[in-house]
Q: 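Quick one: this structure, given as structure tokens, is what I'll be asking you about.
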Amino acid sequence: MRISTRIVAALVVVGALATASPAQAVVVPRHAINVCQSASFYDNYDSASGPHGLKRVLEYANKVGHTPGAHPVYNGWAATFDFGPNDWGYMRIECIGGYDSW
């Protein structure tokens with residue numbers, strides 16, 4: 001019995017999806033704002049040296065996104081989405097608030 005190319009291709013796709021780790025799953029960030037007077041927004045975070053690659057300073061009420069429990073927080077530095085230029089970075093978790101306010 002010969003298996004068609006379509007069936008084989010479908011099985012390969014299903015197998016690839018079944019082996020994907022949860023860390024690869026995309027989670028849309030919840031809308032929030034910067035609740036600090038100003039907050040440094042860094043490109044990355046390294047557990048040995050802390051945040052690095054300052055991108056910019058966010059002012060109070062800048063629209064950001066973070067999903068508690070889904071996006072990582074390292075030593076108080078949270079993976080955050082800045083809705084202004086639409087990019088990811090790290091800022092202090094205590095500066096993220098006003099969830100679902102906009």
Side-chain angles (χ1 to χ4, degrees):
M1 179 179 206
R2 184 171 172 226
I3 299 176
S4 77
T5 306
R6 283 186 178 172
I7 293 173
V8 171
L11 291 173
V12 169
V13 170
V14 169
L17 291 174
T19 60
S21 71
Q24 295 170 336
V26 175
V27 177
V28 177
R30 281 180 58 195
H31 288 176
I33 62 168
N34 171 26
V35 295
C36 292
Q37 199 63 30
S38 65
S40 298
F41 190 70
Y42 289 91
D43 184 48
N44 211 339
Y45 181 85
D46 181 290
S47 60
S49 59
H52 58 87
L54 179 66
K55 287 185 168 192
R56 62 189 150 274
V57 176
L58 302 179
E59 301 302 320
Y60 176 79
N62 278 134
K63 293 178 179 179
V64 298
H66 175 80
T67 301
H71 296 132
V73 178
Y74 305 109
N75 296 322
W77 292 93
T80 309
F81 189 78
D82 183 356
F83 282 98
N86 292 323
D87 62 355
W88 285 93
Y90 287 84
M91 66 185 281
R92 295 295 301 172
I93 189 70
E94 62 267 17
C95 290
I96 303 171
Y99 285 97
D100 306 320
S101 62
W102 58 277

Q: Do you know which two heavy atoms are closest between His66 and Ala78, and how far apart they sit?
A: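 Shortest heavy-atom separation between His66 and Ala78 comes out as CE1-CB, 3.8 Å.
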
Q: What's the shortest heavy-atom distance between Glu94 and Gly76, and which atoms?
A: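 Smallest interatomic distance, heavy atoms only, reads OE1-O, 4.4 Å.
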
Q: Testing the basics here: between Pro29 and Gly65, what is the closest heavy-atom pair and its distance to 0.1 Å?
A: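 Heavy-atom minimum between the residues: CB-C, 3.6 Å.
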
Q: Between His52 and Tyr42 (side chain of the first, backbone of the second, donor and acceptor by atom type, cut-off under 3.5 Å), is there such a pair?
A: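 Absent.
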
Q: What's the spacing between Asp87 CG and Thr80 OG1 if we round to 0.5 Å?
A: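 Asp87 atom CG to Thr80 atom OG1 measures 10.5 Å (nearest 0.5 Å).
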
Q: What about Val35 and Trp102, same hydrophobic cluster or not, with Ile/Leu/Val/Met/Phe/Trp/Tyr joined at side-chain heavy-atom distances under 4.5 Å?
A: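 They do share one cluster, since a chain of ILVMFWY contacts under 4.5 Å joins Val35 to Trp102.
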
Q: To the nearest 0.5 Å, what is the distance between OH on Tyr60 and CD1 on Ile33?
A: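 Rounded to the nearest 0.5 Å, the OH-CD1 separation comes to 4.5 Å.
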
Q: Give a yes or no answer on whether the side chain of His71 reaches the backbone of Val27 with a donor-acceptor pair at less than 3.5 Å.
A: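 Yes; at least one donor-acceptor contact below 3.5 Å.
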
Q: In terms of the angle between their ring planes, are Phe81 and Trp88 parallel, tilted or perpendicular, with boundaries placed at 30° and 60°?
A: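 Because their plane-to-plane angle is over 60°, the rings of Phe81 and Trp88 count as perpendicular.
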
Q: Can Leu54 be reached from Trp77 by stepping across I, L, V, M, F, W or Y side chains whose heavy atoms are under 4.5 Å apart?
A: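 Both belong to a single hydrophobic cluster.
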
Q: Going by side-chain heavy atoms closer than 4.5 Å, which hydrophobic residues are tied to Met91, directly or by a chain of links?
A: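 Met91 shares its hydrophobic cluster with Phe41, Leu58, Val64, Val73, Ile93, Ile96, Tyr99.
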
Q: Going by an N to O cut-off under 4.0 Å, is there a salt bridge joining Arg56 and Asp82?
A: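 Yes.
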
Q: Counting only N and O atoms by type, is there a donor-acceptor contact under 3.5 Å from the side chain of Lys55 to the main-chain atoms of Tyr90?
A: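 Not a single qualifying donor-acceptor pair exists.
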
